[in-house]
Amino acid sequence: MIGTIPLAEVLIVSGALFCIGLCGALLRRNAIQIFLSIELMMNSANLALLGYGASLGTREGQVVVFFVIAIAAAEAAVGLAIFVALFRHTETIDVNRINLLKW
Amino acid sequence: MGIQRLLAEHLLTVLIFLPLAGAALLLLVPRSAEGLTKAAALGVATLECLLSLPLWWHFDAAQRGFQFRESVPWVPPLGISYLLGIDGISLVLVLLTTILTPVALLFSLTHVEKEVRGFSIAFLILETGMLGSLVALDLALFYVFWEVMLVPMYFIIGIWGGNRRIYAAMKFFLFTMAGSLLMFLAILYVAIRHHAATGAWSFALEDLYRLTFTGSTAVILFAAFALAFAIKVPVFPLHTWLPDAHTEAPTAGSIILAGVLLKLGVYGYLRFALPLFPGPALRYAPWLGVLGVIGVIYGAMVAFAQHDMKRLVAYSSVSHLGLVVIGVGAFTSVSLQGSILQMVNHGLSTGALFLLVGVLYERRHTREISAYGGVAGIVPVTTALFVIATLSSIGLPGLNGFVGEFLILLGTWSSAHRWWSVAAATGVILSAIYMLTLVQRVFWNPVTHEENRKLPEIRVSEFVAAAVLVVLMVWIGVRPNDVLDRLRVSVENLRESVAAKQLAEASASGGAQPARVDAGSGAP
Amino acid sequence: MDRLVFEAAAAVTIVFAALMVLSRNPVHSVLSLVVAFFSLAICYVLLFAPFIAVIQVIVYAGAILVLFLFVLMLLNVGRERPEKTGHPIQTLLSGVGIVLFAGFLLSTLRQSVTSAPRALAGEPNVLGKPEALAREFFGGYLLHFEAVSVLLLAALVGAFVLARRESHREPRG
Amino acid sequence: MTGLALWVIPILPLAGFALNGLLGTRLGKTFVSAVGVGSAGLATVAAYSRLIPYLSAGGGTPQIEVYGSWIVAGPLSIDLSFRLDPLSALMLSFVTFVGFLIHLYSVGYMHHDETDAGYARYFAYLNLFLFAMLTLVLAESFPLMFVGWEGVGLCSYLLVGYYYDREYAAAAGKKAFVVNRIGDFGFLLGMFGIFTTFGSLNYAEVFGKAAASPSQYQPALTLICLCLFVGAVGKSAQVPLYVWLPDAMAGPTPVSALIHAATMVTAGVYMVTRCNVLFRLAPGAMAVVAGIGAFTAIFAGTIAVAQNDIKKVLAYSTVSQLGYMFLACGVGAYVAGMFHVMTHAFFKACLFLGSGSVIHAMGGEQDMRKMGGLKAKLPVTFWTFLIATLAIAGIPPLAGFFSKDAILAGAFESGGFHLLWAVGLFTAGLTAFYMFRLVSLTFFGRFRGTHEQEHHLHESPPSMTVPLIVLAILSIVGGWVGLPAVFGENANVFARFLAPILPGIKGVEEHAALPHATEWLLMVVSVIVAACGLLLAWSWYVKGEGRTPARIAASSPGLYALVADKFRIDELYDVLFVKPFYWLARTLWKVVDVLLIDGVLNAGAFVVELTGDLLRFLQTGNARNYALTFLLGLVALLLVVAGWI
Amino acid sequence: MNGTFVQMSQADWLSILPEVALATTGCVILLLEAFAPGLRRWFATLALAGVAASLYFLLAAPQGTTFDGRFETSGLTALMGLFLGGSAAVAILVAKPYLERTHDEKGEFYALLLWGHLGVSLMVRGLDLLIVFIGLEVLSLSFYVLAAYFRGIEASSEAGLKYFLTGAFASAFTLYGIVLLFGASGGTRIAGLAQEGLAGRPAVILGVLLLLVGFGFKMSLAPFHAWAPDVYQGMPTPAVLYLSIAPKGASVLVLFRVLAAIFQPELPDRFHAAVAALAVLSMTLGNVVALAQRDAKRLLAYSGIAHMGYVTIALAVFGREALAAAIVYFFAYLVSNAGAFAAVSALYRDESKPHPVAMLAGEGRRARFAAGVFALCLFSLAGIPATAGFIGKFFVFKAALERGMYALAIIGVLNSLVSIGYYLKVVYILYMRDPIEAEAPPPLAFADRLALAICAAGIFVVGIFPASLWNLARSAAATLPLPGP
């Protein structure tokens, strides 16, 4: 229990978010939306971390989350840059249409 | 550390690595200097041949076990060592190798145009590989040489070969690999068992001889080894790589393929598969013999159906090697000596045949039998040599072929499997049929193709190459004892150790009585 | 009380997360994700992580998603064309995969328990004290901190490399 | 050991072979003839230098010379050793001598129609043959005999195919070798059998053991003997393996005389006689030998009647005579057999050389229907030929009479309702008939050839006629060494001389000699039969100028054609063996090799490649699918770990 | 709560120096790029110096753990450092002429390469899952960028996109795995996982599996391999060279660390089955599909997938000998694969076009050295004796057989039979076909020549004298709590 919140509940929420993100990552075609979904997955991880941390009564959870956020930010920067760079060639970021390299 | 001491104490090492050194040396020769390259390669090979003669003189025929031993730790943590040594069996094959290589190179002097340097280098490396696997007494070391051999041969077939060379080269490589990879696992397993049993790592043959394997393990291990060697020999259903490889390879390549590489299969079987797993080896010897019989007859029949000279000779190899296999399967001292001798004979006669076919091919650039006919009058010397080689190959008494055949058949007859001998003896008839048909259609008969009328006669270099082989044929035919004497003790040794080990196995596996080792050693 | 708030916030998060995934228009997605992150930040607070919650709002909801918006504008990619999102088999397999995985994940999480909680230093919300966190960063997590700095540097340079215009080189390809 | 070592005798022609083979082409015909004839002559001299003392010593104990060991492996040990005993002495005597004569004859025969190279080749082969034949007869062990055995086969192959640029010659040579190989197959097995039975391959040991304790080896022996006999059948052209001999006439005539009449073909008889100890212990095998021999004799004789090629007639006559010899062996009259071998060597060689001289004169023509009336043009040839003919026909007191008579006597003794004797007798009649038919067609009547042939007709040079004369003389006197017992107990020098080769065997009694009366009777009968044959031929072909036979032929054309076509045995074999063999070979290659083995392997390889090619398309290039496979992989792992898979 | 805020001992400093060296070199190059672009042709040398320096510091650093047990300096890390340093060095050597050919020699390339290298070395040395994860991300980010390095080439950008999307996707899973383990063990330390009764918990199992797939992704282990062919094809060859070697080694090591910590003394059967399945799938799929590849880099990608299958056999065997075998295998893989990619980089002229193998026809007689080494590397990858590749397989199969995993070994050798099929195909195209490219490839740059020579030498040294390497690997493997002698 974290205060009055049962850990399981927190984890379930996080799990649900992760799965939602998963759906987005798999079903969307727009690279940006896919990436958004991935961000969501990472956030679900953060939620779980905080839940665990709190229930363990350790700060490490929060510390890790901090780093994760930093990483996510960095990824976002690079990712968006890549999208832009690719967009210059293809005029689209629909991953269904981006298959020059295959087979 | 004088050169004499080097030769005295490390002769085998010198023999193995001299060609390699030569190959390295050739890298210094400018690519344009083709003549020089060829000469240098030939020189190295000849020197090698000369250096190998002391083995012949100084070999103590009476001594059991291996001679000219050398032993240096190689991979100590796994007990892999650079362990060399020869007995009579390897001795004759080593000499066969050192003799055939210069012969092949001598022939190539006038017949390799493209990539001369690469060719010579590949050939020398090949010789290193062959000699290495003949004298290695450490399974890991053997395996290394055994596989290394493939690479230069792959290139020799693939680069300097005929029209379907790439297919042939691939087939050759994959076939051989398919066998040896499983053998590789088997070798590992055996060594591991040795480690488990003694706590010490070792790949040394004599250490591993001491292990006894029983039950299905033994069978599987034996199968792995046998398969690898059977493919190399090649034993009947696994032979189809041979015609392609032999046919497509350049003449020199065919000479070495037929002359030496095939023998390594039988050699490996005698040196490794048999002594390591005598139980299964003798239990399944009948199958081996049957396959041998099939090989003899089948090979001969198919050879008869060929209309490509080289292919015909190639299939004749299948037939001859089948005979050798029978001798091994019968496993009497007579048949064994016969088999080993027959390997040498086959090396000489088939080598010569390929060489002379090459002589014709290089002039007319066709291997079709029908493209020739009646050339005896135009190239009498070639004809004479070819006829002699043919006679040796079909086992005419007085030439080498007969002695081998006779011993194998006699030894087999006096073993438990008399009927093999009867069946295989038909090979005497069949070989005459296909070889003489070849001779008739190529050399006799009226001249049908005008271009044959100005067929140039054999060159001196080619003649010398062929003559060497012919001389050896006659020599072995008249004085086979020179060879047999050196084989006797080794063969007896082999049979005894196998017998002893088999008893050990039998007792280990709970007294199932062993198959007869000395199935009628021929004595009445 | 806490629990009710948490559940409410969580519900909102989930709903908007779902919206983000479902909406064809990327801009809508971004916006709904902003909402989701806000409510997520509330959850963080309830989990004794006020500092993280703040960062979540500023960095994520603020910076990152805005960055996304900018890029969207820059490339002005409109809504996905309503063509089917892909091969039916692909969709089917995705569905199966997701369902199975979700099953595993949730069932695992439901029964997942932590080792006995340590006695908290003072009251719970001491956990999230920025100062205390700072001590962690420059104490035991110094190495991580440095590593992340390299990470950010790399990201920076990387973004620069990629985004830089083709200047002094003949276009290729 | 007295005088030269035996090995000198075969070595001399071998040296000749080497010399002619290597240098002959360069050094010209005179050198070649010198070397060729010289080596043969020297060999003869050497041989007689050993023979005379041996004979004068009355033969008897064999002299065995061991020169060293040839093959030693395990329990097997084969020496290089020669043996001089009555049998080998007999063979030696006429092989060298006749061989020499024929070398001499060849000088004349081959001289102008051959290039230097061909000439050298010819003499090289001839010398090599002499070497091989001598090894064969002198050998003291089976393998060494086999060396000679196959050696002569090789020479026969080379010499039959001497005119290699004529397809039929090359084919004939191959046929000869292959058919011989079939025989050798038997010989080999026989040797193996002997080795496993007696533990040795040396005559002395084998025969010694066999004679000492016959019962011990009984069961194996019949098989062994049959195997050996297969060898003999091949080499001596008996039914069913005789087919190569008639074709072998494609070779130069002297070759036919030497190899295919006088020496090589009798090797089979020699071998059987050599192994008489074994054969006598295997009555079953003996019966087979006799049967085959008798059948061959009459069968080939019949064919000979209808041939028109002069050499073919002689060839079939040879086959038939060889049958006679085996008949002799089969009924246990080994001495008689060898006796006939010798006399046959004389008169048949003479006949062949005579025919050679005729062909020579006719400019290569061999068809008797184109000859006739040659006796005026070729007197020497005619007379020698006539003598030889009478000899073979068995007209006393010529050589053939005595040998043939001895055989018939033996056959008569052998019982079996004298069936074998009857056959032999009939064959004798046939022989007389077709031989005189030959003479009549060739030498009597009017010339039927072309004009320029007639114009070119001439007697052969002395180098050819001298051998003819010598052989003719021998054909007359040759038989006198073996007068039958009726001329006094010790009249039969030959038999006494050869006696030692028929050692007594425990439990095998020698059958008693015939009573004189019977023997007289037999002689008279055979002479009458022979005479009838002669007269019939005379009346039909000289008097009636061949009308009667033409009428007969016309009356039953089918039969005549069949006989003329040699009963179409070759065609039969072609259908039975050759064609199926070729078909089988092709099928094995195309079906088993290409289709089955390679097919399966290539199919396997292809399947793998194909799989690769298909799987390759899983790589759609769509990042979402990559994520999907990732997820599916994860799920699969989960299932595995959770134990659901 | 003492006065100074930052708490860092000298040991910490010494242990972190290698990474510092790398980071600094990167920064320096970057600055030079900005302010002294004229010095570009020295960048490669500088980068090499950086790698060398970091290697030196690594070997010089005192053994033991630092940053209160989160960072390791040991024989193991030293050996792995050698492996990573080697691949980085070759990559840089190859990069110089490559970038010159493509007129793209920029400082950023080296900087990113070095930082990526830094990330990998963090993965290798981190005893804390968070460190490992950060290292992983550093690596990934740098190489996302390097993949898309050629902005002018669509293929390159596309490779960047694919790598980024799949990579981010994978790291989300990795992260969640770490979270689960965190929850179970109450911390991010790997050592912390070695607690009583942890191995049984579903959360832990799930967590470990997520790590397995996450790092399996980096290893391009089937079925997490799909990104590799595309990315390799579009990515600048030198970067591929590094990416195809170093991170795989690091990932395997991490997996060994985690599994060793959690599962003591032995891998549970189900886990073993799962890993073995991955191995078999990866070998088979990699080899079979490689047969069908036409593009040199794709072919090498699939061959890499197959090779990771062989390594995974070692993971499945699990044990000290197995880890040692894996390490040896990676050294063998380093020399062979690096050589192969170096040759590819040297043999192809135009980066904007794909690299069909058929284009190499007859190069064996024109670009003799490059083609020769290429062939040698291919034979080594195929596992022909007397080359490094054989040694790698030798030890892996030995380990498998020793633990009685015959099926794995047999499937392994059968696979190498298949692999010979495509390796030899390249060889015969090199040597037995006539050239289709009109003009011979440009003469080999010194750096290329050097790189190739190093790899060739390495192949033979490892292939013929493996003893010392094996001993090192075994002693290194002893640092992990693995079963075995």
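Please read these numbers as outputs of a predicted model, since none were measured by experiment. Protein chains get the first letters and strands the later ones, always in sequence-line order, with residue 1 at the start of each.
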Under 4.5 Å from any heavy atom of chain A - which part of [X]:
{"X": "Tyr141(C)", "value": "both"}
{"X": "Phe101(C)", "value": "side chain"}
{"X": "Leu46(C)", "value": "both"}
{"X": "Val30(C)", "value": "both"}

* **chain C contact via Ile71(A) - side chain, backbone, both or neither, heavy atoms under 4.5 Å** => both
* Structure fact -> The interface call for Leu17(A) against chain C, heavy-atom contacts under 4.5 Å, is side chain
* To do: Return each pair, listed once, that meets side-chain hydrogen bond (donor to acceptor under 3.5 Å, both in side chains) where at least one residue sits in residues 61-70 of chain C; pairs must be two or more places apart or across chains.
  => none
If you measure from [atom1] on [X] to [atom2] on [Y], what distance do you get to the nearest 0.5 Å?
{"X": "Phe48(C)", "Y": "Leu50(A)", "atom1": "CZ", "atom2": "CG", "value": "11.5 Å"}
{"X": "Ile52(C)", "Y": "Leu47(A)", "atom1": "CD1", "atom2": "CG", "value": "12.5 Å"}
{"X": "Arg24(C)", "Y": "Gln33(A)", "atom1": "CZ", "atom2": "CD", "value": "9.0 Å"}

* Would you please indicate if the ring centroids of Phe137(C) and Phe66(A) are separated by under 6.0 Å? => yes
* **Polar contact flag, side-chain donor to acceptor under 3.5 angstrom, Tyr44(C)-Gln62(A)** => no
* **Partner set under ring-ring contact (aromatic ring centres under 6.0 Å, His included) for Phe38(C), not counting sequence neighbours** => none
